[in-house]
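Accompanying notes for the structure given below.
Values below: all heavy atoms of this structure, side chains included; hydrogens, waters and symmetry mates excluded. Remember, it's a predicted structure, so these values are computed and weren't measured experimentally.
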Amino acid sequence: MKHRVCLRAALTALLVTGWSACRQSEEAKQLAALDHAYQAGVITKAEYDRKTAALRAASAALSALDRARDAGVVTPQEYQAKRAQLLAQSPAQAQQTATAAVPPASASSGAPSPTVGANMPAAPLDGLRQESIFDPTLRMNAYTVTLPSHWKSDAAYVAGSSCAPIPFPVFRIYSPDGLSEVRGLPRLDWSWSTSKFKPPQQADCLDLKQELSGQDFLKYLTAMMDVTYVREDAIPQQMNDALQKQFAQSNEALANSAKQMEKMNGALHNQGKVEPAEQHGGWAAAIAEYRNGSFLIEEQLRSLLRCTHSPINYGPERGAFTDSCTATVRIVRAPKGQLAALLAEADAKNWGAVENPDWVSKYLEAMRQDAQARSREMFQRSQAQMQQRHADFERAQSVRQQQHEQFLATMQQGTDRAMARARDNMNQRSAVASDWADYVLDRQTVTGPGGTVKISNAYSHTWTDGSGAYYQTSDPNANPNGVLPGNWTATTQVHGNGTAK
């Protein structure tokens, strides 16, 4: 078993090292591409500095995510989903496109071609402002919210749920009259499992035990929100294509990991097939309606549904599985007839919340350290329990040894004195039994003017004033008379049953 654990650890280390080296190599290529674009005059110095900082922040966030996975803060499935999200937000593709579009040395000098300009990130649009969601714990901005300059906003971030601990933003940006709005709902998470050891259902997860299609989920959500589901709405094809590409990349990595584990199983003479985890999901949108006073409000609900199927490949529960889903929902609403224009503007100008990669990096690192602290606490608590059980065992052994020795002594006395001392032996056995009880309870029995009482055996001398008060000491020369009020008399130690020793 130890060899199997070591092989798994070695394989994990090998994969992590390979991914880290690959990412470092890719980052170097992207930085070189930025340098090339800057030297060719495609981007300005300010743009170069901003894009370089963003690229390095994204790389730091990916490194922190690796450490969080290694510490057990996130599951492999959560790791793949978050990694895909960070890669999707990385400016790398824009940098590569810009570099590829730089005119070759043989071309005539001049301004960048229209192709280059079309692929560069859009400049900030007029009429917008940005606000930050501040993390008071890490004391830095977690998310940036983009909204029209004359609109209002409320925003916060949530630290995740027991089903998916990755944080998420919650925001509401709305027009001065309150009728038009873009809202990011709290992420909705749920999970279910066929394992006998699945954790209990928590209140921060939906009470769903099955996977839903995007439209079924939106119908479920509109029923929860008490609005009228009208019809399905279209999702741009490029959004679906980009998402499915992310899933394909993630599933390819998960399948490769499963193959590696299967090879290791063959080396360990275990021929069981390793079923890989799999991620899937999709975008969905729907139109709903409700009334706000005398206004008929029309809204689009757009959801991103991610589900992970995780087979259990080892142990007695081989063949069982755990499934989990998360749904991120954005709502855009406006008075009837105004929704289409508002949607077009919100999508074109990217209204909403975008996370700060540097904050993601520090947040995941804090989660990792917190997980390590909890692990240390659990280990220390386990060690304390083991020490207590050992002390209890030693105490029980001491009692049994005492019983054994006294039993042998009693038997020897019975043999030596035979029937002539039968009655005395019976009394002695009774005394021994009561002495055992005193020993187990850390007590001794003494007699004096106040009667026969049981008292702590931590001291060898006991005095009493006859009124129920006792004074104990291990000093044979100590005498409370003249020191303590009252008339004190030394007691006599007797057997636990009150008979004289």
Hey, does the side chain of Arg330 reach the backbone of Leu304 with a donor-acceptor pair shorter than 3.5 angstrom? no

Under the 3.5 angstrom rule, does the side chain of Asn251 hit a backbone N or O of Gln279 as a donor-acceptor pair? yes

Do the side chains of Glu317 and Lys196 get close enough for a salt bridge, i.e. N-O under 4.0 angstrom? no

Is a side-chain donor-acceptor pair under 3.5 Å present for Ser193 with Thr322? yes

Among Val145, Asp154, Leu147, which one satisfies side-chain contact (heavy atoms from CB on, under 4.5 Å) with Arg172? Asp154

Is Glu355 reaching over with its side chain to a backbone N or O of Thr144, donor-acceptor style, under 3.5 angstrom? no

Could you tell me whether Glu365 and Arg368 make a salt bridge, using a distance below 4.0 angstrom between a side-chain N and a carboxylate O? yes

Check Asp189, Thr308, Leu305 against Thr326 for a side-chain contact (heavy atoms from CB on, under 4.5 Å) and give me the one that passes. Asp189

Atom CZ of Arg231 with >12 non-hydrogen neighbours under 6.0 angstrom: yes

How about Asp241 and Gln237: does a side-chain donor come under 3.5 Å of a side-chain acceptor? yes

Are side-chain heavy atoms of Tyr143 and Phe171 found at a separation under 4.5 Å? no

What do you reckon, is NZ of Lys198 surrounded by more than 12 foreign heavy atoms closer than 6.0 Å? yes

Taking the six-membered ring for Trp, are Tyr157 and Trp359 parallel (under 30°), tilted (30 to 60°) or perpendicular (over 60°)? perpendicular

Does Thr328 use its side chain to pair, donor to acceptor, with the backbone of Arg187 at less than 3.5 Å? no

Is the count of non-hydrogen atoms from other residues, nucleotides or ligands lying under 6.0 Å from Lys209 atom NZ greater than 12? yes

Looking only at atom types and distance, does a side-chain atom of Arg333 sit under 3.5 Å from a main-chain N or O of Glu299, one as donor and one as acceptor? no

So with a 6.0 Å cut-off around CG of Asp226, is the heavy-atom count from everything else above 12? no

How about His280 and Glu211: does a side-chain donor come under 3.5 Å of a side-chain acceptor? yes

Any salt bridge between Glu275 and Lys273, counting N to O under 4.0 Å? no

Please name the residue in the list Leu212, Leu218, Leu188 that meets the side-chain contact (heavy atoms from CB on, under 4.5 Å) test with Ser303. Leu218

Would the distance check show the side chain of Ser161 and the main-chain N or O of Cys205 forming a donor-acceptor pair, the cut-off being under 3.5 Å? no

Go through the side-chain N and O atoms of Asp204 and Ser162 and say whether any donor and acceptor fall under 3.5 Å apart. yes

Evaluate Arg139 against Phe134 for side-chain contact (heavy atoms from CB on, under 4.5 Å), listing each step before the verdict. CA-CA 7 Å; Arg139 301 187 62 81; Phe134 186 73; 4.2 Å; yes

Verify side-chain contact (heavy atoms from CB on, under 4.5 Å) between Cys325 and Trp192, making sure each step is shown before the conclusion. CA-CA 9 Å; Cys325 292; Trp192 65 100; 4.0 Å; yes

